[in-house]
Amino acid sequence: MKPKKAPVYNHLKIEKKWQKEWAENGTYKTEPATSKKKKMYVLDMFPYPSGAGLHVGHPRGYIASDVYARMKRMEGFNVLHPMGFDSFGLPAEQYAIQTKKHPGPFTDKLVAQYKKQLEIIGFSYDWSREVSTHRPEYYKWTQWIFLKLYDAWYDTKKNKALPIDELVALFEKNGTKNVHAVTDSAETFSAKEWKSFSQLEQQEILMHYRLAYEGFAEVNWCEELGTVLANDEIVDGPTGPVSERGGFPVIKKSMRQWFMRITAYADRLAQDLEGLDWPNSIKEIQKNWIGKSEGSEISFEIKTADSDIGEVSVFTTRADTLFGVTYIVLAPEYPFIEEWQNSITNWSEVQKYIKSVSQKDEMERTSADKQKTGVQLKGLVAINPANGEEVPVWIADYVLANYGTGAVMGVPQHDERDYAFATQYKLPIIDRPLVDKIEITKKVDGKIVTRYKMRDAIFARQRYWGEPIPLRHLANGLISEVPEKKLPLTLPNVKSYEPSGNGESPLARVAAWTKEGYETNTMPGWAGSSWYFLRYMDPTNAKAFAGQKAVDYWKDVDMYVGGAEHATGHLLYSRFWHKFLYDMNYVPVKEPFKALRNQGLIGGADGRKMSKRWGNVINPDDVVKTYGADSLRLFEMFLGPFESHLPWSTEGIIGSRRFIERVWRLSGRVRENHSARESSVILHKTIKKVTEDIQNFAFNTAVSSMMICLNEFEKSGVSEKDFKMFLQLLAPFAPHITDELWSELGEKKSIHLSGWPTYNPKLLIEDEVTIGVQINGKVRAELTIAADASKESIESAALALPRVQEYLSTMTVKKVIVVPGRVINIVAQ
RNA sequence: GCCCGAGUGGUGGAAUGGUAGACACGGAGGACUUAAAAUCCUCUGCCCUCAACCGGCGUGUGGGUUCGAGUCCCACCUCGGGCACCA
């Protein structure tokens, strides 16, 4: 019979055909939570759909997770592999300001565009679960979670969040006595006092306990633009920070904000990192960010020449150096300084210093010159509780108000910064013996405490394009929640997206909005992304953020893939929210993302970052058009280790395209009953290798092992059965061509719903091996010998080799080390 | 400054303490072709050599451990990332 002439490989036609087929047949539809199958949740960090579009580096992570998800699907798991869009945010807002158009339709357009770009790459997403954070059906639940946080406090005894009602009940019963809570207030009161407080006073007190609370924070304020700027919108100017747009000066300004009391979870966030299968670097970054340090709080009495005027508590990790204290320093913002002004003899100088510090922005204050500045509070002394010594009291801006207690003890002998400060102002430097940290802390009535660098997170933006905060400020000053059944509180239409000029959000200019007293701040970009992975579990549920059944079945993300740049943002906030939901019994597990992998960036061929500016951007659509999605996918996986930063190579992709074409051509040459042992052996080795490599995210070596396999097939021929197994291995990487060839070989069902091949261990046992023969550690010969040869027979065979004999003729053998299957080393002299 | 991570051919990279450079790109030569493209075959770390053999060198630098080090240890250099007066 004349062999059928294979049609030319037309990637455009084939890829379009199969993408349509998959969509029509629901090939990748996830089974519901009632499935008997084991679950596997493989997730990509959802993108922000920006107008700039995709470059070739963006899909790398998506391809990897898709390969992983496809293998798991073929292995028989019920795979949840969804995609959605993080669609609130600054760029759409800026677009709205510039065009004076609502950012909604613009965002929808971008989402559609983005989705299209993703679709042509052939991902196995279940698009029926798509979410977008800007849609009211979605942000209804973001608001709902916010209200839960608002209505919660943190009990340090039970070490979990509890409803605020329980705190109120405690206050009513005993006041603050026996209340163990994370709070920024030191105020204490009795039950009787609590009941005597007005509603407004009670509200204010509770605000210091809530996990979502109102407070003040410094923001970047630009007077000329009349708006608050994000750090991204600020650049370095010649005389300080300026706005990116217009180059106007930017200063710090204190404004009303909403916060998340993430610090309540600091310890658990640090602790629970241990059990996660995450890259070490990300765990380290989070650990450093949380910045746990254990130390002591020790009180120093503050006196004037004749009277006691108070005390200052310092935080130190070096209580053992307490005897070496020669001064104490307060942050310039330290709260009691003003109260003491009558006792301070150089008050005007002090005042001047405080003012000069407040005018410095952060950049200046932490700038490179590092010259320490400070002023002594003359007229005051502090008493070292360890030995009663009087030491001077200073203020200096190297002490931060918002870390520790805002006060430190100066021990120049043991601390570099204190040393620099002491040298500068000629303060004494004394060498005293060290003592036991814990003992001395107890002896001076101090406390052992744990402190964290991490601060509470600001949870408000003075912007339009974000989730409205579902609270109302009533005329009497009370705050009321938008009731659950009234959610979502949808964004009103506005006439102008320009900032209001006084720093408030555009919502502040909507009369209908402010009449009702609605909060004018909106939520920050990270609100919607902090829980979206839960919504995918049950994306259309109108009664809950996700149904109990779905949450219990899917539990957590098994494999999360995305960029490392989210280490201290999204990945931390999501863990925080998840732990909160766990405390409130809404989710069954403590951590949202069991395993995490970070893709490395793909740079331009010139080694620079891919950007319009350098003109080195490669668009995936063009690559798909020219080479095909399968070639693109294969190449991005082959390029190098998944987590490495790599340059794009337009020349390199030709290799992947050639490989795919060779698979195509070989398909026309498989013979039903061809038996080539060589090919079967290599195939089964490849099955083992590819399976392990995908599991380990070592995609580059998985691809290269398939290339090796194909080389052997071409040389030795391949049976249809073996070739089909090979196609199954290749299917996660090149889903279109493999489904095409699979169906051409007579299969009716998609290859992606077929099983994952397993290897036959018997075929992996080799009869013969070639090992290196070393003399004094240098390879001098090779030896081919039965794989199961004994050490003795390997040794004698090696010693009998002519080349070896030649070498040894002038030497005597001292020792022989045989590593079966690997190497033999003859030590001689 | 502190904390991570990485340095291997012309290029991207491979290598459970066991024959360094798999696989691929690029390059050289050849086959097919009137020719080109595509495809196929051979070679391709560096030095020595007309060439091959042989030999020598070789995984950022310098030491060390080991029969044996790209891999482990110490010091240093360079690059990337994170934090940055956090007491």
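In this text, all values refer to a predicted model and were calculated from it rather than measured experimentally. A, B, ... follow the sequence lines: proteins, then strands. Residue 1 opens every chain. Note: hydrogens, waters and symmetry copies are ignored here, and every other heavy atom, side chains too, is used.
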K.L.:
Quick one: which of rC67(B), rU19(B), rA87(B) gets closest to the side chain of Asn825(A)?
P.N.:
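Of rC67(B), rU19(B), rA87(B), rC67(B) is nearest to the side chain of Asn825(A).
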
K.L.:
With a 3.5 Å cut-off and sequence neighbours excluded, list the donor-acceptor pairs that the side chains of residues 808-816 of chain A form with protein atoms.
P.N.:
residue	atom	partner	partner atom	Å
Ser809(A)	OG	Glu806(A)	O	2.8

K.L.:
Parallel, tilted or perpendicular for Tyr425(A) and Trp394(A), by the 30°/60° rule?
P.N.:
tilted

K.L.:
Asn711(A) side chain N/O closer than 4.0 Å to the phosphate oxygens (OP1, OP2) of rA24(B)?
P.N.:
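Checking rA24(B) against Asn711(A), a side-chain N or O does come within under 4.0 Å of OP1 or OP2.
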
K.L.:
Looking only at the aromatic ring of each residue, does the gap between the centers of Phe576(A) and Trp526(A) stay below 6.0 angstrom?
P.N.:
no

K.L.:
How would you label the contact of Tyr807(A) with the nucleic acid (heavy atoms, under 4.0 Å): base, sugar-phosphate, or nothing?
P.N.:
sugar-phosphate

K.L.:
Does Glu643(A) come within less than 4.0 Å of Arg60(A), counting only side-chain N to carboxylate O?
P.N.:
no

K.L.:
Considering only atom C1', compute the distance from rA14(B) to rA22(B) and round it to an integer number of Å.
P.N.:
5 Å

K.L.:
Is Lys372(A) side chain donor-acceptor paired with the rC85(B) base, going by distance under 3.5 Å alone?
P.N.:
yes

K.L.:
Write down the distance separating the C1' atoms in rC53(B) and rG17(B), rounded off to the nearest Å.
P.N.:
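Going atom to atom, C1' in each nucleotide, I get 32 Å.
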
K.L.:
For a quick check of understanding: with a heavy-atom distance under 4.0 Å over all strands, which category does Gln774(A) fall into, base, sugar-phosphate or nothing?
P.N.:
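It contacts base atoms.
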
K.L.:
Counting any heavy atom closer than 4.0 Å, what does Arg657(A) reach on the DNA or RNA strands: base, sugar-phosphate only, or nothing?
P.N.:
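Result for Arg657(A) = nothing.
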
K.L.:
Roughly how many Å is it from CZ in Arg780(A) to P in rC53(B), rounded to a whole number?
P.N.:
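It works out to 16 Å between those atoms.
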
K.L.:
Which part of the nucleic acid, if any, lies within reach of Ile817(A) when heavy atoms closer than 4.0 Å are counted: base, sugar-phosphate only, or nothing?
P.N.:
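It contacts base atoms.
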
K.L.:
Can you tell me, in whole Å, how much space there is between the P of rU44(B) and that of rA52(B)?
P.N.:
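Between the two P atoms, the distance is 10 Å.
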
K.L.:
Verify, without hydrogens or angle tests, whether His55(A) (side chain) and Ile602(A) (backbone) share a donor-acceptor contact under 3.5 angstrom.
P.N.:
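No, the answer is negative, given that no donor and acceptor are paired below the 3.5 Å cut-off.
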
K.L.:
Hunt down any stem RNA chain B takes part in, defined as 3 or more consecutive Watson-Crick or G-U pairs whose two distances are each under 3.5 Å.
P.N.:
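Ordered by first number, the stems with RNA chain B (at least 3 consecutive pairs each) read B:1-7 with B:77-83, B:10-12 with B:23-25, B:26-31 with B:39-44, B:45-47 with B:55-57, B:60-64 with B:72-76.
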
K.L.:
Look at the aromatic rings of Tyr398(A) and Phe421(A) and report parallel, tilted or perpendicular, splitting at 30° and 60°.
P.N.:
tilted

K.L.:
When the P atoms of rA15(B) and rC2(B) are considered, how many whole Å apart are they?
P.N.:
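That atom pair is separated by 33 Å.
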
K.L.:
Starting the side chain at C-beta, find the nucleotide from rA22(B), rU19(B), rG12(B) nearest to Pro647(A).
P.N.:
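Comparing rA22(B), rU19(B), rG12(B) against the side chain of Pro647(A), the answer is rG12(B).
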
K.L.:
Are Asp277(A) and Arg597(A) within salt-bridge range, i.e. N to O under 4.0 Å?
P.N.:
yes

K.L.:
Among rG13(B), rC25(B), rC3(B), find the nucleotide with the atom closest to the side chain of Glu284(A).
P.N.:
rC3(B)

K.L.:
Looking for any heavy atom pair under 4.0 Å, which part of the strands does Lys778(A) touch: base, sugar-phosphate only, or nothing?
P.N.:
sugar-phosphate

K.L.:
Regarding Ile654(A), tell me which of base, sugar-phosphate or nothing describes its non-hydrogen contacts under 4.0 Å with the strands shown.
P.N.:
sugar-phosphate

K.L.:
Quick check on rC2(B): is either OP1 or OP2 less than 4.0 Å from any side-chain nitrogen or oxygen of Asn288(A)?
P.N.:
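So the side chain of Asn288(A) is outside the cut-off, no N or O lying under 4.0 Å from OP1 or OP2 of rC2(B).
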
K.L.:
Under 4.0 Å: is that the gap between some side-chain N or O of Tyr419(A) and OP1 or OP2 of rC85(B)?
P.N.:
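Negative; the distance criterion is not met.
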
K.L.:
Identify whether the glycosidic angle of rG9(B) places it syn (within 90° of 0) or anti.
P.N.:
syn

K.L.:
Between rG13(B) atom P and Ile602(A) atom CD1, what is the distance in whole Å?
P.N.:
11 Å

K.L.:
Select one nucleotide: of rU39(B), rA87(B), rA22(B), the one nearest the side-chain heavy atoms of Arg665(A).
P.N.:
rU39(B)

K.L.:
Taking only the side-chain heavy atoms of Ile285(A) (C-beta and beyond), determine which of rA87(B), rG82(B), rA24(B) contains the nearest atom.
P.N.:
rG82(B)

K.L.:
Give a yes or no on whether a salt bridge exists between Asp415(A) and Arg318(A), defined as a side-chain N under 4.0 angstrom from a carboxylate O.
P.N.:
no

K.L.:
Looking at the side chain of Glu782(A), which of rU19(B), rC4(B), rG56(B) is the nearest nucleotide?
P.N.:
rU19(B)

K.L.:
Between rG21(B) and rC57(B), how many Å separate the two C1' atoms, rounded to a whole number?
P.N.:
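Nearest-Å result for rG21(B) against rC57(B) at atom C1': 15 Å.
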
K.L.:
Please measure how far the P atom in rG27(B) lies from the corresponding atom in rU11(B), and state the result in whole Å.
P.N.:
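15 Å, rounded to whole Å.
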
K.L.:
Regarding Val827(A), tell me which of base, sugar-phosphate or nothing describes its non-hydrogen contacts under 4.0 Å with the strands shown.
P.N.:
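Result for Val827(A) = sugar-phosphate.
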
K.L.:
Is a salt bridge present between Glu297(A) and Arg451(A), judged by a nitrogen-to-oxygen distance below 4.0 Å?
P.N.:
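Yes, charged N to carboxylate O under 4.0 Å.
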
K.L.:
What integer number of Å spans the P atoms of rG13(B) and rG7(B)?
P.N.:
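Rounded to whole Å, the distance is 10 Å.
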
K.L.:
Before accepting this row, confirm whether a basic side-chain N of the pair Lys372(A)/Asp397(A) lies closer than 4.0 Å to the acidic partner's carboxylate O.
P.N.:
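Salt bridge flag = no for Asp397(A) with Lys372(A).
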
K.L.:
Out of rA20(B), rA87(B), rG56(B), which nucleotide sits closest to the side chain of Leu400(A)?
P.N.:
rA87(B)

K.L.:
From the list rA87(B), rG18(B), rG56(B), which nucleotide is the closest neighbour of the side chain of Val823(A)?
P.N.:
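For the Val823(A) side chain, the nearest candidate turns out to be rG18(B).
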
K.L.:
When all nucleic acid strands are considered with a 4.0 Å heavy-atom cut-off, which category describes Asn776(A): base, sugar-phosphate, or nothing?
P.N.:
nothing

K.L.:
Under 4.0 Å, heavy atoms only, any strand: does Asn402(A) hit a base, just the sugar-phosphate, or nothing?
P.N.:
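Result for Asn402(A) = nothing.
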
K.L.:
Measure the distance from CG on Leu646(A) to C1' on rA24(B) and round it to the nearest whole Å.
P.N.:
13 Å

K.L.:
Looking across every strand, which nucleic acid part, if any, lies under 4.0 Å from Ser649(A) by heavy atom: base, sugar-phosphate, or nothing?
P.N.:
nothing

K.L.:
With the side chain of Ser704(A) defined as its heavy atoms from C-beta on, choose the nearest nucleotide among rC67(B), rC23(B), rA87(B).
P.N.:
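That would be rC23(B).
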
K.L.:
Charged N to carboxylate O under 4.0 angstrom, Arg657(A) versus Glu661(A)?
P.N.:
yes

K.L.:
Using the C1' atom on both, measure rG55(B) against rC73(B) and round to a whole Å.
P.N.:
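So the two C1' atoms sit 33 Å from each other.
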
K.L.:
Please determine if a side-chain N or O atom of Arg658(A) lies less than 4.0 Å away from the OP1 or OP2 oxygen of rU39(B).
P.N.:
yes

K.L.:
Hey, which sits more toward the 5' end of RNA chain B by its nearest nucleotide, Leu639(A) or Arg662(A)?
P.N.:
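Nearest-nucleotide comparison on RNA chain B picks Leu639(A).
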
K.L.:
Remember a base hit wins even if backbone is also touched, and classify Ser293(A) as base, sugar-phosphate or nothing at under 4.0 Å, heavy atoms.
P.N.:
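Sugar-phosphate, no base atom in range.
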
K.L.:
Grab the CE-C1' distance between Met707(A) and rG13(B) for me, whole Å please.
P.N.:
12 Å

K.L.:
Arg822(A) side chain N/O closer than 4.0 Å to the phosphate oxygens (OP1, OP2) of rC67(B)?
P.N.:
no

